[in-house]
Amino acid sequence: MYITDHLTQAVAAALTELYGISVDAATITLQETRREFAGDYTLVVFPYVKQARKSPETVAQEIGAHVAAHLAEVSGFNVVKGFLNFEIADSYWVRFLADTAADERFGLVVPAVDDAPVVVEYSSPNTNKPLHLGHVRNNLLGWSLSRLLEAAGANVKKVNLVNDRGIHICKSMLAWMRYGNGETPESTGIKGDHLVGKYYVEFDKHYKDEVKALMEKGMDEEQAKREAPLMVEAQQMLKRWEEGDKEVRALWEKMNGWVYAGFDETYHRLGVGFDKVYYESNTYLLGKELVQKGLDLGVLFRKEDGSVWCDLTADGLDQKLLLRRDGTSVYMTQDLGTALLRHNDFGAERLIYVVGNEQDYHFKVLKLILGKLGFSWADKVYHLSYGMVELPNGKMKSREGTVVDADDLIDEMEKTAEEMSREHGKNDELTDEERKHLYHILALGALKYFILKLDPTKKMLFNPAESIDFNGNTGPFIQYTHARIRSIVRRAGESGGLKNEEGSHAIELNDKERQVIKILHSLPTTVRQAAAAYSPALVANYAYDLAKAFNSFYQDTPILREVEPALKALRVNICISVANALRNTMDILGIEVPERM
RNA sequence: GGCCCUGUAGCUCAGCUGGAUAGAGCGAGAGUCUUCUAAACUCUAGGUCCUGCGUUCGAGUCGCAGCAGGGUCACCA
């Protein structure tokens with residue numbers, strides 16, 4: 001149990017005994033004392049002064065005295081207006097530090113693998129074009145969220161639902177047949193997903209020309225878009241695909257194969273992966289039987305033309321189509337089906353979807369309809385709605401070429417990492433292999449941290465003209481801090497003298513030491529809160545605060561040069577604990593930390 | 001137009017369930033490497049927290065109205 005829990009309980013007891021106020025200790029909130037005041041934790045007493053019928057200062061004094069008398073760890077307190085600042089004895093921090101240094105997994109709860117799993121869906125790409133920065137944000141968030149929930153003790157399963165069929169794929173296929181001259185990734189040396197994406201753009205180009213030509217002949221725009229030969233042919237191709245036409249299916253498999261090979265490479269570079277991959281070509285017919293169930297239950301209705309709808313007007317929304325008049329299903333229908341499939345496949349405790357906020361409405365409707373269909377787990381569906389990635393001049397659009405390509409971006413980051421490392425020139429003793437790996441993890445560290453430190457729910461601005469930083473509040477800053485610490489710990493190991501010395505309980509900490517230890521102390525709470533908020537950003541900001549506090553400590557406190565053995569051991573323990581905490585929090589973000597850099 | 005989200009320093013962002021004089025990084029200016037890795041550290045400058053009204057002992061945080069920007073309301077996915 002942590003000191004903060006003891007404190008809230010002691011305060012609750014004081015309130016009862018002094019004023020007869022009964023409050024649940026859990027509702028008492030302490031805040032960390034601001035730097036400019038003496039103390040470690042602060043209680044704001046204003047909420048209790050009315051019932052206590054005394055001045056804020058008096059109430060604070062009385063509670064402070066009562067708690068100090070009952071809690072050995074409280075070494076003192078002071079009162080400023082209605083703020084009661086508790087001072088915690090250094091012996092508490094020293095003992096905490098000794099425990100922490102011995103725990104390699106500090107901050108990480110052991111996942112309960114026997115619990116019903118939390119299923120996280122993320123990535124879910126279309127197979128007609130390569131991944132761009134928007135997908136990168138999705139993938140990094142999905143992976144990191146999974147790690148974060150695991151760190152908080154959940155049994156997590158990561159899934160991907162690949163959107164491998166549909167009109168968009170047919171467009172790429174058709175364009176390749178028309179203009180491709182039999183090009184393959186092998187013949188061109190172009191990565192498979194990029195090659196297919198090239199023909200998606202090619203389709204759009206020719207299609208636009210056709211529409212323009214038709215409009216010049218006097219056709220209105222809507223009709224022209226519908227009747228342009230390429231569009232008609234793509235639609236026919238989709239129909240042939242659904243009928244299982246051999247030729248179309250063979251081409252589809254070939255081109256999707258190229259895309260998968262390309263995606264796998266990008267996933268590998270990003271360091272993300274999945275426990276199970278679903279393909280929409282296998283699941284797109286799911287959900288139809290649910291529609292029948294809904295009709296039987298009377299929560300869905302059929303219109304005169306045969307189409308099936310769900311009436312959500314009572315929930316403040318519109319009517320939602322679930323089956324077209326020709327009996328085919330729409331995206332929502334499939335999603336109902338795949339939700340059920342996934343729930344049954346895993347016996348899931350929670351279903352989390354990492355999907356952009358442009359689909360907020362979709363998920364609102366999905367949850368509502370699942371509920372109406374009688375699934376009790378409908379409220380266990382959670383949409384992690386992340387903000388779009390925007391460029392200085394607006395949203396990214398694949399067809400218009402205004403995208404930041406994922407592979408290009410990673411290439412560029414690795415190049416920058418190499419340049420910066422060479423400039424610093426500290427890696428002479430590394431082999432070429434090690435050096436290459438270092439550039440990679442620094443590049444990805446910068447990229448991942450840049451994306452994950454932001455609140456996931458907010459839109460993100462990316463300016464391609466400004467390269468992603470390696471200094472300041474960045475991934476490499478934290479990686480550097482870790483490498484520097486590891487260097488000290490290695491030397492400490494050589495010279496021996498790691499274990500806690502006699503007399504360490506009597507150590508008086510300096511401000512910098514205490515500050516670092518206090519931040520370490522708050523790691524478990526931070527992980528818990530971050531998991532509850534589905535926000536890796538809280539973990540990223542924690543790691544930064546810790547690294548910053550450590551660097552400040554390191555700057556003006558001797559560690560290995562300290563002659564007093566107990567003090568030296570304590571400081572080495574700070575190093576060990578901070579290194580572990582940085583490694584573990586960076587791991588939650590999917591960022592590797594180097595031993596040297 | 002209906003519904004949803006966002007608005008904090010020149011730029012990019014923190015600010016937990018309301019609490020003390022609103023914080024970082026970048027950028028600008030000034031310092032610190034004969035000493036454990038200077039990708040670091042220290043200091044300075046920079047704010048009507050979009051506006052107004054309200055709730056409260058107390059509002060960047062909560063409520064209402066307005067302004068600005070974005071998303072979404074497909075027999076697309």
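Chain naming here is simple, since letters A, B, ... match the order of the sequence lines and numbering starts at 1 in each.
- Here the two rings, on A:Tyr353 and A:Tyr382, have centers that are 6.0 Å apart or farther.
- None of A:Arg583, A:His440, A:His437, A:Gln479 except one satisfies the side chain to side chain donor-acceptor pair (under 3.5 Å) rule with A:Glu592; the exception is A:His437.
- Under the 6.0 Å cut-off for aromatic ring centres, A:Phe477 and A:Tyr480 do not qualify, their centroids lying 6.0 Å or more apart.
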Give every pair of a protein N or O atom and an N or O atom of nucleotides 3-5 of chain B that lie under 3.5 Å apart, one pair per line with the distance.
none

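- A cation-pi geometry, defined here as NZ or CZ lying under 6.0 Å from the six-membered ring centre and within 45° of its normal, does not hold between A:Arg53 and A:Tyr19.
- Which of B:rC36, B:rA39, B:rG19 sits closest to the side chain of A:Val44 comes down to B:rG19.
- Other residues, nucleotides and ligands contribute more than 12 heavy atoms inside 6.0 Å of the NZ atom of A:Lys303.
- When the P atom is used for both B:rA39 and B:rU51, the distance is 41 Å, rounded to whole Å.
- On the C1' atoms, B:rU8 is 23 Å away from B:rU55, given to the nearest whole Å.
- Counting only heavy atoms from C-beta on, A:Leu454 has its side chain closest to B:rC13 among B:rC13, B:rA39, B:rA40.
- For A:Glu390, whose side chain is taken as the heavy atoms from C-beta onward, the closest listed nucleotide among B:rC36, B:rA77, B:rG70 is B:rG70.
- For the C1' atom pair drawn from B:rG71 and B:rC11, the interatomic distance equals 24 Å after rounding to whole Å.
- Put simply, CD on A:Glu595 is 19 Å from P on B:rC36, counting in whole angstrom units.
- We find that A:Glu121 and A:Arg342 are joined by a salt bridge, their nearest charged nitrogen and carboxylate oxygen being less than 4.0 Å apart.
- When the P atom is used for both B:rU32 and B:rU21, the distance is 36 Å, rounded to whole Å.
- With A:Trp309 as the aromatic partner, A:Lys320 does not meet the cation-pi criteria of under 6.0 angstrom to the ring centre and within 45 degrees of the ring axis.
- By the 5.5 angstrom centroid cut-off and the 30-degree plane limit, A:Phe46 is classified as stacked against the base of B:rG19.
- Residue A:Arg324 places at least one side-chain N or O closer than 4.0 Å to OP1 or OP2 of B:rC76.
- Scanning for side chain to side chain contact (heavy atoms under 4.5 Å, CB included) contacts around A:Asn126 gives A:Asn128, A:Lys129, A:Asn163, A:His168, with sequence neighbours left out.
- Between A:Lys395 and A:Val330, the residue whose closest nucleotide on RNA chain B is further toward the 5' end is A:Lys395.
- Of the side-chain N and O atoms in A:Ser307, none sit less than 4.0 angstrom from OP1 or OP2 of B:rC75.
- Taking atom CE on A:Met460 and atom P on B:rC11, their separation rounds to 18 Å, with Å as the unit.
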Donor-acceptor pairs under 3.5 angstrom involving side-chain atoms of residues 523-535 of chain A: please list them, not counting sequence neighbours.
| residue | atom | partner | partner atom | Å |
| --- | --- | --- | --- | --- |
| A:Thr526 | OG1 | A:Ser522 | O | 2.9 |
| A:Tyr534 | OH | A:Arg350 | NH1 | 2.9 |
| A:Ser535 | OG | A:Ala537 | N | 3.4 |

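- A gap of 25 Å separates the P atoms of B:rU12 and B:rU17, to the nearest Å.
- Distance check on atom P: B:rA65 versus B:rC5 gives 13 Å, rounded to whole Å.
- Put simply, CZ on A:Phe363 is 14 Å from P on B:rU72, counting in whole angstrom units.
- Between A:Arg528 and B:rC16 there is no side-chain polar atom (N or O) within less than 4.0 angstrom of OP1 or OP2.
- Considering only side-chain atoms of A:Asp318, the nucleotide from B:rC73, B:rU37, B:rU35 that sits closest is B:rC73.
- The glycosidic torsion of B:rC33 lies within 90° of 0, placing the base in the syn range.
- Base pairing analysis places B:rG46 opposite nothing; no Watson-Crick or G-U wobble pair with both distances below 3.5 Å involves it.
- Residues satisfying the side chain to side chain contact (heavy atoms under 4.5 Å, CB included) test with A:Ala224, not counting sequence neighbours, are A:Val211, A:Leu214, A:Met215, A:Met219.
- Donor-acceptor pairing under 3.5 Å, judged by distance alone, is absent between the side chain of A:Lys458 and the base of B:rU6.
- Pairing partner, B:rC36: none, since no Watson-Crick or wobble contact has both distances short of 3.5 Å.
- When both pairing distances are held under 3.5 Å, B:rG25 makes a Watson-Crick or G-U pair with B:rC11.
- Rounded to whole Å, the separation between the P atoms of B:rG63 and B:rG19 comes to 15 Å.
- Between the CD atom of A:Glu358 and the P atom of B:rU6 there is a distance of 17 Å, rounded to whole Å.
- Position along RNA chain B of the nearest nucleotide to A:Pro476 versus A:Asn126 favours A:Pro476 as the more 5'-ward residue.
- When Watson-Crick and G-U wobble pairs are counted only if both distances are under 3.5 Å, B:rG60 pairs with no nucleotide at all.
- Here B:rU61 presents its P atom at 17 Å from CG of A:Asp455, a figure rounded to the nearest Å.
- The NZ atom of A:Lys459 sits 15 Å away from the P atom of B:rA68 (whole-angstrom rounding).
- Among the heavy atoms of the strands, none lies under 4.0 Å from A:Ile167.
- An aromatic stack links A:His424 and the base of B:rA39, using centre distance under 5.5 Å and interplanar angle under 30°.
- Among the heavy atoms of the strands lying under 4.0 Å from A:Tyr480 is at least one base atom, whether or not backbone atoms are also near.
- Residue-to-nucleotide contacts include no donor-acceptor pair under 3.5 Å from the side chain of A:Ser552 to the base of B:rA40.
- Between the P atom of B:rA77 and the CG atom of A:Leu322 lies a distance of 12 Å, rounded to the nearest Å.
- Here the separation of B:rC64 from B:rG69, taken at their P atoms, is 22 Å to the nearest Å.
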**Complete:** With sugar-phosphate taken as primed atoms, P, OP1 and OP2 and all else as base, the protein-contact string of nucleotides 20-27 of chain B at under 4.0 Å (heavy atoms; B, S, -) is B--SSSS-
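- Counted by atom type alone, A:Ser281 and A:Asp164 present one or more donor-acceptor pairs between their side chains at under 3.5 Å.
- Here the P atom of nucleotide B:rA38 and the CD atom of A:Gln479 are 17 Å apart, to the nearest Å.
- Look at B:rC41: its Watson-Crick or wobble partner, with both distances under 3.5 angstrom, is B:rG31.
- You'll find the ring centres of A:Trp241 and A:Tyr284 inside the 6.0 Å limit.
- Applying the ring pair (Phe, Tyr, Trp, His ring centres under 6.0 Å) rule to A:Tyr542 yields no partners; only residues at least two apart in sequence or on another chain are considered.
- For B:rA77, neither phosphate oxygen OP1 nor OP2 lies less than 4.0 angstrom from any side-chain nitrogen or oxygen of A:Tyr331.
- Side-chain atoms of A:Phe477 lie closest to B:rC41 of the nucleotides B:rC36, B:rC41, B:rA77.
- When heavy atoms are screened at a 4.0 angstrom cut-off, A:Met388 is found touching no nucleic acid atom at all.
- Defined by atom type and a distance below 3.5 Å, a donor-acceptor pair is missing between the side-chain atoms of A:Asn357 and A:Tyr386.
- Out of B:rC13, B:rA40, B:rG19, the shortest distance to the side chain of A:Leu461 is found at B:rC13.
- Shown here, B:rG1 forms a base pair with B:rC73; the pair counts as Watson-Crick or G-U wobble because both key distances fall under 3.5 Å.
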